[in-house]
Amino acid sequence: MENRVYNFAAGPSTLPLDVLKEVQRDFLDFNGTGMSVCEISHRDKAYDAVVKEAEALVRELLKVPDDYCVLFVQGGASTQFAAVPLNLMHNGVADYIVTGNFAKKAWQEGQIYGTANKIGDSSDKVYTYIPDLGKLNYTEGADYVHICSNNTIFGSRYAEFPKCKAPLVADMSSEIFSREINVSDFGVIYAGAQKNLAPAGVTIVIAKRELIQNPLKYCPTMLKWKVQDENGSLYNTPPAFAIYVACLVLRNLKKLGGVKAINEIDVYKAGLLYDFIDNSKLFKNNVEKKYRSIMNVPFVTGSDELDAKFVAEAKKAGLVSLKGHRLVGGMRASIYNAMPVEGVKALIEFMKKFEVENG
Ligand SMILES: *Cc1c(COP(=O)(O)O)cnc(C)c1O
């Protein structure tokens with residue numbers, strides 16, 4: 001489409017064009033109901049089918065075991081920072097590994113409800129690595145260990161996951177459906193959908209059922225995963241449109257060959273960009289290679305002025321939202337599942353030209 005740009009935003013972020021067209025085509029008449037999906041009751045059979053299909057696709061694509069629930073909830077990943085302790089903190093103590101801004105926020109939220117021990121921290125090098133997992137001091141009797149698997153702002157991610165006695169809880173907002181995972185290695189996985197899946201408004205929670213039966217007594221009903229599970233994510237009005245789009249994106253992903261297939265493409269895309277940056281005299285990425293994200297690629301020129309010029313000129317060339325997060329500056333290319341290979345290639349061509357002109 002002529003007036004579509006390549007959108008490198010970190011979230012909300014680009015969605016598959018085929019899905020957007022499908023949404024547009026069916027927007028006024030959803031499945032022959034004569035109503036938009038935004039107008040229909042969430043108790044209507046036609047809509048119920050959407051929630052059920054979305055759940056089935058999550059289960060299929062991530063191979064979610066039957067003793068785990070799959071929930072669609074609201075409030076963003078940030079609300080889950082509170083829901084995690086409110087559902088799991090029975091002994092009043094949990095471990096947190098702080099590898100970025102969102103991991104830190106989750107840890108801070110955990111402190112409201114009990115003892116939240118920070119057992120790992122990579123802030124000494126601006127979160128450009130993941131602490132050595134073999135050297136962590138897990139707390140005996142901790143209710144869970146919380147991690148953020150991909151650090152959206154700093155562009156680092158876990159190469160492998162901690163092996164701990166307490167259930168592992170992972171915020172996977174910016175990488176869910178981009179890499180194969182073994183769900184049974186986790187107690188809980190949650191992810192705001194607006195990075196790699198859907199429009200803002202829905203958050204996925206995948207939780208082992210036996211862990212969520214006794215939420216703390218002051219846990220708000222809406223945050224009780226058990227209640228959401230018992231009601232099939234329809235305890236109250238769900239974010240109907242966002243779940244609908246998520247369902248279409250997941251259908252699309254299944255058609256592409258699933259998580260393994262998209263991971264190969266994601267690794268290829270990220271590899272192109274990192275290779276170029278590592279061989280460039282102008283651009284630099286500071287993340288330790290082993291921990292580099294395949295979703296969020298931050299880079300700098302070393303000059304704030306040149307960075308600003310880059311962002312402005314890229315925008316004129318149809319490559320938008322490349323400004324880095326305010327905490328790190330520079331640039332960041334978020335290259336989620338929906339970013340086509342051509343988009344990454346166009347960015348690299350633009351970077352080459354910029355380097356020749358400004359290097
Ligand atoms: C964006 C993001 C969040 C915050 O998500 P909201 O839905 O805005 O609350 C939390 N964690 C990670 C890893 C993110 O990328």
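Below, all heavy atoms of this structure are taken into account, side chains as well, without hydrogens, waters or symmetry copies. Note that the structure is a prediction, hence the values are computed from the model and not measured. Numbering of ligands and ligand atoms starts at 1, following listing order.
From the protein, the heavy atom lying nearest to atom 14 (C) of ligand 1 is Lys195 NZ, 2.8 Å. Among all protein heavy atoms, the one lying closest to atom 4 (C) of ligand 1 is Phe102 CE2, 3.6 Å. Nearest protein heavy-atom contact of atom 5 (O) of ligand 1 is Ala77 CB, 3.6 Å. Protein heavy atom at the shortest distance from atom 11 (N) of ligand 1 is Asp171 OD2, 2.6 Å.
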Stepwise side chain to side chain donor-acceptor pair (under 3.5 Å) check, Asp124 with Tyr129: CA-CA 10 Å; Asp124 59 333; Tyr129 70 103; 2.7 Å; yes
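Residue-level proximity to ligand 1 for Lys105 is absent, since no heavy atom of it falls below 4.0 angstrom.
A donor-acceptor contact closer than 3.5 angstrom is absent between the side chains of Asp266 and Ser178. No side-chain donor-acceptor contact under 3.5 Å links Tyr158 and Asn150.
Counting heavy atoms from C-beta outward, Asn151 and Ser293 have side chains that stay 4.5 Å or more apart. Between Ile262 and Phe177, every side-chain heavy-atom pair lies at or beyond the 4.5 Å cut-off. Between Met351 and Phe310, some side-chain heavy-atom pair lies under the 4.5 Å cut-off.
Panel note: side chain Asp307, backbone Met331; no donor-acceptor pair is recorded below 3.5 Å.
Ligand 1 has at least one atom lying under 4.0 Å from a heavy atom of Cys148.
Backbone and side-chain nitrogen or oxygen atoms of Ser78 are examined, and one is located within less than 3.5 angstrom of a nitrogen or oxygen of ligand 1. Backbone and side-chain nitrogen or oxygen atoms of Asn150 are examined, and none is located within less than 3.5 angstrom of a nitrogen or oxygen of ligand 1.
Listed by atom number, the atoms of ligand 1 under 4.0 Å from Gly76 heavy atoms are 7 (O), 9 (O). Set against the non-hydrogen atoms of Thr152, the atoms of ligand 1 under 4.0 Å away are 12 (C), 13 (C), 14 (C), 15 (O). Ligand 1 places these atoms under 4.0 Å from at least one heavy atom of Gln194: 5 (O), 6 (P), 7 (O), 8 (O).
For Asn358, the CG atom is densely surrounded, since the number of other residues' heavy atoms within 6.0 Å is greater than 12.
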